[in-house]
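These notes are about the structure you will find just below.
Below, each value reflects all heavy atoms present in this structure, side chains not excepted, and no hydrogens, waters or symmetry copies. All chains are named by letter (A, B, ...) in the order of the sequence lines, taking the proteins before the strands, and each is independently numbered beginning at 1.
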Amino acid sequence: MASLSLFSRLIVRPARREPARSLLIVLAVALGVSVVLAIDLASSAAAGSFRSSMETLAGDNDLEVTAVGGVADQIVGQLAILPYSIRVSPRIEDHATVVASGETVPLIAIDVVAEANSHKDQQAQNQNVDSRKIETPKIDGFKHINDADAIWTTRQLAGKVGDKITLLINDQKRDYTVRGFVPESAQVNGNVVLMDIAAAQNATGKAGHVDRILLKVPEQPGFDVWQQKLRAVLPSGVELNAQGSQTAANRRMLSAFRWNLGILSYVALLVGAFLIYNTISVSVVRRRADIGTIRALGASRNTILAAFLAEAAVFGFVGAVLALPLGRLMATGAVRLLATTVDALYISSRPGSLSLSGESVVLALVVGIGVAVVSALAPAREASLVPPTEAMARGAREYTIRVERTRDAWIALALALAAALAARFPAIAGKPLFGYLSALLLIAASALAIPALVFWITSVASTTLRKFMGVEAMLASRSLAGSLRRTSVLVAALSTAIAMMTSVGIMVGSFRQTVTTWMDSQLPADLYLRPAGDPSADRHPTIALDLTDRIARLPGVESVSRFRAYEIQYEGLPVTLGSAETNLSRFYQSSGFLSRRPAKDVLKELLSPDAAIVSEPFANKHHAKAGDVLTLPLGEKLVKLRIVDIFYDYANERGYVILDRSTILRYLPDPSASNLAVYLAPEADLETVRNEIKASAAHSEVLIFSNRDIRHEAIRIFDQTFAITYALEAIAILVAVMGVAGALMSIVIDRRREFGLLRFLGAASSQIRKLILVEAGLIGILSNIAGVVLGVLLSLVLIFVINKQSFGWTIQFHWPVAILLGALTGVYVATVLAGIYPARIAQRLNPIEVVHEE
Amino acid sequence: MQSAATEDPISRLLSVERVTKEYKTDGEPVRALHDLSIEIGSGRFVALVGRSGCGKSTLLNLAGAMDFPTSGHVLLDGIATDQLSETQLTQLRREKVGFIFQSFQLLHTLSAIENIELPLLLAGHGNPRPQARERLVSVGLAELADRMPHQLSGGQMQRVAIARALVHSPRILLADEPTGNLDTATGNSILEELQRICIAHKTTILMATHSAESASFVDTVVHMRDGHIEEIVRS
Ligand SMILES: Nc1ncnc2c1ncn2[C@@H]1O[C@H](COP(=O)(O)OP(=O)(O)O)[C@@H](O)[C@H]1O
Ligand SMILES: [Mg+2]
């Protein structure tokens, strides 16, 4: 009871008296938490569901057989005739684009008849085994199984059985007839098209091959034994893994991306923490007399501490509850952005459904209450240290908290040195933990250095300011210096947000410039062709063979270089294996290789047998260097490839292994190309040749890009990829500016007597307004100075430590001057605007009432 | 009706004509001044004496054009304060009025000399330092120019406040219980200071006080009670 009435007197009543303050804390928590929640939800929805549609009708199996370039049909036969009761399910897994809607959907082919039979066998064998509940759902329309144009789809794709659908597969359009629907029980995420294996092999150009063979083995004599037995009958280049190993590999690949994004989502929360700390500090100072009285009445230190922490916890709780719907809403926007990024850089994905699970609710509550309580710790401790005598002290509101700015500045220096040290450590388990530690240390160092900076600048500047901006500026700078702690916390919050914006801005700007420069050396051809349909990092549809020859024969075409890509796995991570006709390429001056050797020399070496070049992200992820030997399963063999050199690559972070076309054809004889690079004769006209190619490609669905188009497209994807980081920064800035507005409001309340007095001394009310606006502006300038310095340092950590360790890219440092100037001006203006409402309140204060003396 | 603290209409600096002042609060309006009239001549040192709540501060605020009567008029140097625009009022205060307060009201972020400069700076004065220093010297605190307020005693603070109120040479100095926060000896020295100023600069001083002790320093004592004037005693 006693503690309740204490809580009411010390906490509830003041909180009700200052609704703006309470609202500010709750909003800061709500915004910070909702961003964290949104990114958590969106990134698991965008990444969590990828590939799962590939598992359509895969059922419950134990093992999977895969091979680069596909598993030969004979192997299916070999496995099927083994004297064991193994269920063998070969599959084609590819993609098709529904021409009418433009939607790209998984194309799955299974051996429907065999599937149904083996399933019956299975049931006969394991009649009493409950764990085998997942059954291949029954599919209608079996009698059409031998029609080449028969497909089965999810219900959303067609109106009724018998409808015609045109699909784009590789570079060909084909008409199909819907013969039935995938039953609901198959629980497909999104749409899917099913076919018979023979029809799919024909359509996808995979004659004689399947993509994956799923195996279900009996329980006895055990999984490992079966794996050994089966391994023995398979050729060495064919891989045998537990089912789902591809999905696992993809998940691993995405983890760094998701992890970094997750960390970025905590920035707004960090900024919010500064503001909560500031707001609670101010209210502790205001309530000192109350606290003293309560202490004099017998409350213990711990009671006071608990009361303030409980207040923070309540605010945190309310903020977190508000964050649930807000975060869910933000996630809907974020998930679309993320899905495109994942598609472009990593793997075909389709956003799964967003769901606010119990886990999300717990996350929101823990983060929300946690950040509020942690931010309140220091001010609450301060409150608990108020001596009972304070009740009697008059002029408690004049109490100013001493800031040990010199000592803090030294600690800041030490932390900065520690940050520099941490930046030198390598990644742990692929995660740049020390990089982030370094960034955190820098932020802490900056927060501690800010009081000295604020004091120094405001005291040096006040006379100068008076000369240029009038007495209001002097008063403003004096009062900022006068309440050094409050000002410092504000500046720390705003500058942290600015620093984030600056550092990410510099990082992205540098990255963009690096990519632009890189494209100059990587895209030497005049025209590029690829099959139509949505591009994705892991899909490599092919172009009809004869088209290449036809294009090569066109007048004005000097040569056509064929590029072929395959999806492979290396050390448990997805990698793109490519082959190029390097003898046909033209080269630019810049090397493009880590060794800095001329491209011509490196590519000459690549022509030697079993030579390879790898991309920088590949080299970093797999610790490969020039001269190393890679062992890759190609066709049915395990091939040892010597790494000739490492090339800079920014196309995606999954990594490339590139061979010469002559090398790869020895192991994977499929001559189709995934992309064509067309070099024009010197005198040829680009548009003319482009039109000629279009005419000769009339029967193929290919897209033709000029060199300029393709660069444009690359930059567009790049910008889209980073759109979400801009959104995150904007929210952090919003939280900070909101905090500045709130703080200015409390400054107006605390200093109303001063403003009234100034009126008595001859100040016009417009001068009071100017005073507040100048104060807001000074906070903006101080924050910009501190923010830019911190931001540049953070950008170095981002570019050279965090990005490098997470993604393996070397980014050249560039100053994106225009963007930075624009952003900083924007923040400055926002800060001044944040002062408008408090300034108006100050202007309207009645001087007589505020100077009123008892 | 009490009136006429002075004789000659030409030398009237402040005329309060049948002023009633009501404050609107949540409940009933509070009547602070009731049909009050008084005229104060130039160069006078007038004390308003009366119990707390009798309307002294209200009258000072009206006299300084910081507030306006509910009915009646206040004329400062012949100008009716309720006829002026916001800008003109500010101008009037900057030129003609100085205030001092019971609790000194120095800005604690400014040094003594900077506090004194403040009215000139607010009025747009470019180089107020010499004038401010002169005032500081005249209140006898030349060597404390760069002290911050918290490094001064109560008496010193009030002297700085007086110097600040006089720095722009106002016609009238309005002092609201200037000795209220000081011990008797210090209080008396402040009153002597005010008396000296009144004589030396011909500055009119209107001072509110709740004690009659100050009577010996002033030339007119106005006794107030419940918003009206009870008695005017001239010495
Ligand atoms: N701003 C105000 N709002 C409401 N009532 C006020 C206000 N200022 C003064 N009063 C009331 O007007 C009366 C006169 O006050 P005041 O002039 O301050 O008296 P004094 O200065 O003589 O103590 C008092 O009853 C007081 O409560
Ligand atoms: Mg009073």
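- Counting non-hydrogen atoms of other residues, nucleotides and ligands closer than 6.0 Å to CZ of R51(B) gives a total of 12 or fewer.
- Atom OH of Y837(A) sits in a sparse spot, with 12 or fewer heavy atoms from other residues, nucleotides or ligands closer than 6.0 Å.
- Using a 4.5 Å cut-off between heavy atoms, Q91(B) makes no contact with chain A at all.
- Within the 4.5 Å cutoff, no side-chain heavy atoms of D67(B) are placed close to those of N846(A).
- The shortest non-hydrogen separation linking S765(A) to E86(B) is OG-OE2, 4.2 Å.
- Put simply, CG on L122(B) and CG on L771(A) are 9.5 Å apart, with the number rounded to the nearest 0.5 Å.
- Remark: R407(A) CZ is packed, more than 12 non-hydrogen atoms of other residues, nucleotides or ligands lying under 6.0 Å away.
- Contact check for E754(A) versus Q105(B): no side-chain heavy atoms found under the 4.5 Å cut-off.
- Between N61(B) and F760(A) there is a side-chain heavy-atom pair separated by less than 4.5 Å.
- Inter-residue side-chain proximity for L757(A) and F101(B) is flagged as met; some heavy-atom pair is nearer than 4.5 Å.
- At a threshold of 4.5 Å between non-hydrogen side-chain atoms, the residues L110(B) and M474(A) count as touching.
- Residue F217(B) qualifies as enclosed at atom CZ: its count of foreign heavy atoms under 6.0 Å is above 12.
- Atom CE of M469(A) is surrounded by 12 or fewer heavy atoms from other residues, nucleotides or ligands within 6.0 Å.
- Under the 3.5 Å distance criterion, the side-chain polar atoms of R93(B) are left unmatched by any main-chain donor or acceptor of G762(A).
- Note that the CG atom of N115(B) and the CG atom of L761(A) stand 8.5 Å from one another [nearest 0.5 Å].
- In summary, K24(B) and E849(A) do not engage in a salt bridge, as defined by a charged side-chain N under 4.0 Å from a carboxylate O.
- The number of heavy-atom neighbours closer than 6.0 Å to CD of Q151(B), taken from other residues, nucleotides and ligands shown, is above 12.
- In this structure, the separation between CZ on R759(A) and CG on L89(B) is 9.0 Å, given to the nearest 0.5 Å.
- Note that CZ of R466(A) and CD of E117(B) are 6.0 Å apart. Values are rounded to the nearest 0.5 Å.
- Here the side chains of L118(B) and L475(A) are in contact, with some heavy-atom distance below 4.5 Å.
- Of all non-hydrogen atoms in S103(B) and R753(A), the two that sit nearest each other are OG-NH1, 4.3 Å.
- Contacts between E95(B) and chain A at a heavy-atom distance below 4.5 Å are absent for every atom of the residue.
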